[in-house]
Amino acid sequence: MIRKEMIAMLLAGGQGSRLGVLTADVAKPAVAFGGKYRIIDFPLSNCINSGIDTVGVLTQYQPLRLNTHIGIGIPWDLDRNTGGVTVLPPYEKSTNSEWYTGTANAIYQNLNYMENYNPEYVLILSGDHIYKMDYEVMLDFHKANNADVTIAVMPVPMEEASRFGVVITDEERRISEFEEKPEHPRSNLASMGIYIFSWKVLREALVALKDQNSCDFGKHVIPYLHERDSRMFAYEFNGYWKDVGTLSSYWEANMELIDLIPEFNLYEKYWKVYTNTGAIQPQYISPDSRIVKSIIGEGSEIYGEVYSSVIGANVVIGKGSVVRDSIVMQGTVIGENVVLDKAIVAEDCRIGNNVKVGVGQFAPSKFNPKVYCSDLAVIGEKSVVPDNVSIGRNTAISGATEAADYTDSFLESGDSIIKAGVKA
Amino acid sequence: MKALGIILAGGNNQRMDALSRKRAIAAMPVAGSFRCIDFALSNMSNSHIQKVAVLSQYNARSLNEHLSSSKWWDFGRKQGGLFVFTPTVTADNSWWYRGTADAMYQNIEWLKRCHEPYVIISSGDCVYKMDYNELLDYHIEKKADITIAVKDMPQGVDVSRFGVVRMNEDSRITYFEEKPMVAQSNTISTGVYVIRRRQLIELLEQCAAEDRWNFVTDILIRYKDLKRIYGYKMKGYWNNISTVDSYYQTNMDFLKPEVRQYFFKEAPRIYSKVDDLPPAKYNEGSDVRNSLVASGSIINGKVENSILFKEAFIGKNCIIKNSIILNEVYIGDNTHIENCIVESRGTLKPNMYYFGDGEIQIVVGENNRYGI
């Protein structure tokens, strides 16, 4: 009989709506990050680097990019005779059919998958954080405590603790209480959304809660087990961990990679991050180029100037263009004499000549102030920006825009152009 | 496709100087992130050849490491696959490969077991793109015994390091001389051949019976008038790496937009082993112009008209000019390198000066770093 000590279930079905047009057509875990990666590469690489070779990836929202990216798992060495990576979308059943209505519900709907591997432990991960973590050390901690559940936590500054779900523990790190976004936090240990469950405990809880609406780990499963006095422990993690759930945190996490010695260092050899890359050829830097404090992906051709930016693979930046404090994702072509200032340009965009992005002052978004609340100009994937237009700050563009979509060749700060269905 | 592939990758060349001390030419790094053999392998894969044998001998470690998995070139298949044949001692043979024909002869059992009617033979030392289907169609149309892919070199190019051919109006080869002192033509053999498998087996067995071991001199040249040997003109980019100079030039060719367009942008693509390196990083003080930079590199200094292979580290205030920095080289601060090829995995100390005066200098640094 197959037996895996620990398998991982990676929740990758969320939209990540606070990333605005970046996740209009792809799930958040499939969003590009750091010049060549996608967000899901980090947990997937952590799995294989921690010796976990069986990973179920739960998909739901816009899964195409994720499916093609993961394939049979070759880049992560997750193409295995037994185990490996399996993409688990919601499916029709004879009695009832439903979407994944919550994190725990999604796992519950895949009980059969987990039972196949007859694991002792199940690791629950989400596909939207940037970090390197050895799950094996966490498992050792789980075993040493004879725990039912281990929750990875990280210390955050006390004044920020009220933004997180925090746990209160005793000296042995056994969790005595939970507080969700407390006004007056009594602890600064924030839950990272990474759990190790002993399989029997998880199974019992999921079955017991199967009729719970939108069954969620944080809201239902953990409180359920807490009420029953399960042995719950907090595993403290002190490395780099970044939630990239909002446009500004996504931008900041990218920008941290270009520091002289980045806190999150991709250049360490002993914990590689793997990805499915289309491009392997070197990048070309022209005689007129100037590149300072930036990282640039494979196969890009730079004819202009790049300062403090993260440029993906197969990007072309035309002559005379200046890119500053920006993120340009793979396959995008930027024309000549373009200025990008604090812009995020998603994959496969076409930016015309003499375009200025990020001009003027910040203005509150008229489109969606909850999502767009920084001075970043955001251009969604496969968008087209015509020649000679200027685009203000805190703006959003999606789709193949034409000169007629702009007033006097200008898009004011806080404005947006969303053209559904029309793509480059 | 109706052919199997053989890549001759056993060769060494004294004229590669210190560069061939570490590896066979087929394993030489080319164009920032490739190895020489990637071109022949990718061509085979892109031409839908499913079964490929790589014949290696000299310094095969680096090449074998590169070929440790066949999946990068799409050869990890049940039908076909990638076979690496280095010489082995058997009950009836204790020789190394004594020549290209012998290399194939020593694997003749494999050739006999295959069922594909044709064989495409390519050198592993060449940088080129080719659809072998067109070559094979031509071969069949000409009812040839052997077809050699040939290339017209520009007038004035010294062809004395190549095999030089002349063809009649029907493209049949009437003259073939290997590395001539005085060349009779500027058409050269590219080291790519197509031949019927049974014909190849027959010729190899005849050669072996006569103690002859070289495919070019003992088969192509010797059988020139007996067999129908035709030339097929290759049109695209082709270069052969056999000297320090040709190695340097071939790499520098990739700074030309048309060469990059041809190899990097136009389909089909060239594949290589994937190294999973992070994007190249340009720190404060970097100033890179007209250069190719491979992934994993970290640049703090000045780089001009140069090629940085994977994981090059360029220290502060360095000046790298007209040079090729091979994989995993660490260059300390304030070091000036001009007209050089820096051998892979070397560590160059700070404040050094290397200058190739009149010719390309090969710099071999000691590797005094600790692996983790």
Side-chain angles (χ1 to χ4, degrees), chain A residues 34-37 41 45 72 74-77 79 257-262 264-303 306-316 330, chain B residues 29-34 38 42 69 71-72 76 251 254-257 259-261 263-265 269-300 303-313 316 328 371-372:
Chain A
K36 76 179 279 184
Y37 306 99
D41 292 335
S45 300
I72 59 165
I74 286 177
W76 305 272
D77 268 351
D79 51 326
L257 296 173
I258 62 180
D259 292 340
L260 184 59
I261 295 165
F264 188 68
N265 195 343
L266 294 166
Y267 296 80
E268 293 165 337
K269 288 196 178 177
Y270 57 87
W271 200 270
K272 268 192 180 177
V273 181
Y274 302 95
T275 186
N276 188 350
T277 163
I280 52 170
Q281 67 268 36
Q283 53 202 264
Y284 174 73
I285 315 299
S286 89
D288 313 311
S289 297
R290 189 95 173 83
I291 305 175
V292 181
K293 262 196 94 181
S294 297
I295 58 174
I296 296 185
E298 280 110 333
S300 288
E301 302 243 330
I302 313 294
Y303 298 93
V306 181
Y307 304 100
S308 305
S309 295
V310 173
I311 311 292
N314 286 330
V315 169
V316 179
Q330 64 179 57
Chain B
V30 175
S33 34
F34 299 90
D38 290 333
S42 303
S69 171
K71 63 182 156 195
W72 312 121
N251 276 296
F254 282 84
L255 291 179
K256 298 175 189 159
V259 174
R260 284 201 311 282
Q261 175 72 22
F263 282 105
F264 294 166
K265 307 264 153 162
R269 291 185 23 232
I270 306 297
Y271 313 103
S272 188
K273 185 177 175 177
V274 173
D275 265 340
D276 296 288
L277 296 168
K281 189 158 184 286
Y282 300 75
N283 287 332
E284 204 73 62
S286 82
D287 183 3
V288 182
R289 285 158 202 266
N290 193 36
S291 297
L292 281 174
V293 179
S295 49
S297 294
I298 300 179
I299 304 168
N300 297 289
V303 179
E304 204 180 329
N305 303 329
S306 296
I307 297 178
L308 305 188
F309 281 69
K310 295 172 189 171
E311 293 183 90
F313 180 92
K316 284 180 198 157
E328 287 180 65
I372 299 165

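We name chains A, B, ... by the order of the sequence lines, and we start the count at 1 in each one. Keep in mind that this is a model prediction, so the values were computed, not measured.
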Quick check for you: among A:Ile311, A:Val273, A:Ile258, which has the greatest number of heavy-atom pairs under 4.5 Å with chain B? A:Ile258
Among the listed options A:Ser45, A:Ser294, A:Gly297, the residue most often paired with chain B at heavy-atom distances under 4.5 Å: A:Ser294
Return yes if some donor-acceptor pair links the side-chain N/O of B:Arg260 with the main-chain N/O of B:Leu255 below 3.5 Å, else return no. yes
Applying a strict 4.5 Å limit to non-hydrogen atoms, the region of A:Glu301 in contact with chain B is side chain
Chain B shares the most heavy-atom pairs under 4.5 Å, among A:Ile302, A:Val306, A:Ile285, with A:Ile285
Heavy-atom proximity to chain B below 4.5 Å, by part of A:Asn265: neither
Of all residues at least two apart in sequence or in a different chain, which pass the salt bridge (Lys or Arg N to Asp or Glu O under 4.0 Å) check with A:Lys272? none
Distance-only, no hydrogens or angles: does the B:Ser33 side chain make a donor-acceptor pair with backbone N or O of A:Ile280 under 3.5 Å? yes
What residue in A:Ser286, A:Gly35, A:Gly312 has the most heavy-atom pairs under 4.5 Å with chain B? A:Ser286
Between A:Tyr37 and chain B, with a heavy-atom cut-off of 4.5 Å, which part of the residue counts as in contact: side chain, backbone, both or neither? side chain
Heavy-atom proximity to chain B below 4.5 Å, by part of A:Gln281: both
Salt bridge (Lys or Arg N to Asp or Glu O under 4.0 Å): which pairs involve residues 276-293 of chain A, sequence neighbours left out? A:Asp288-A:Lys319, A:Arg290-B:Asp287
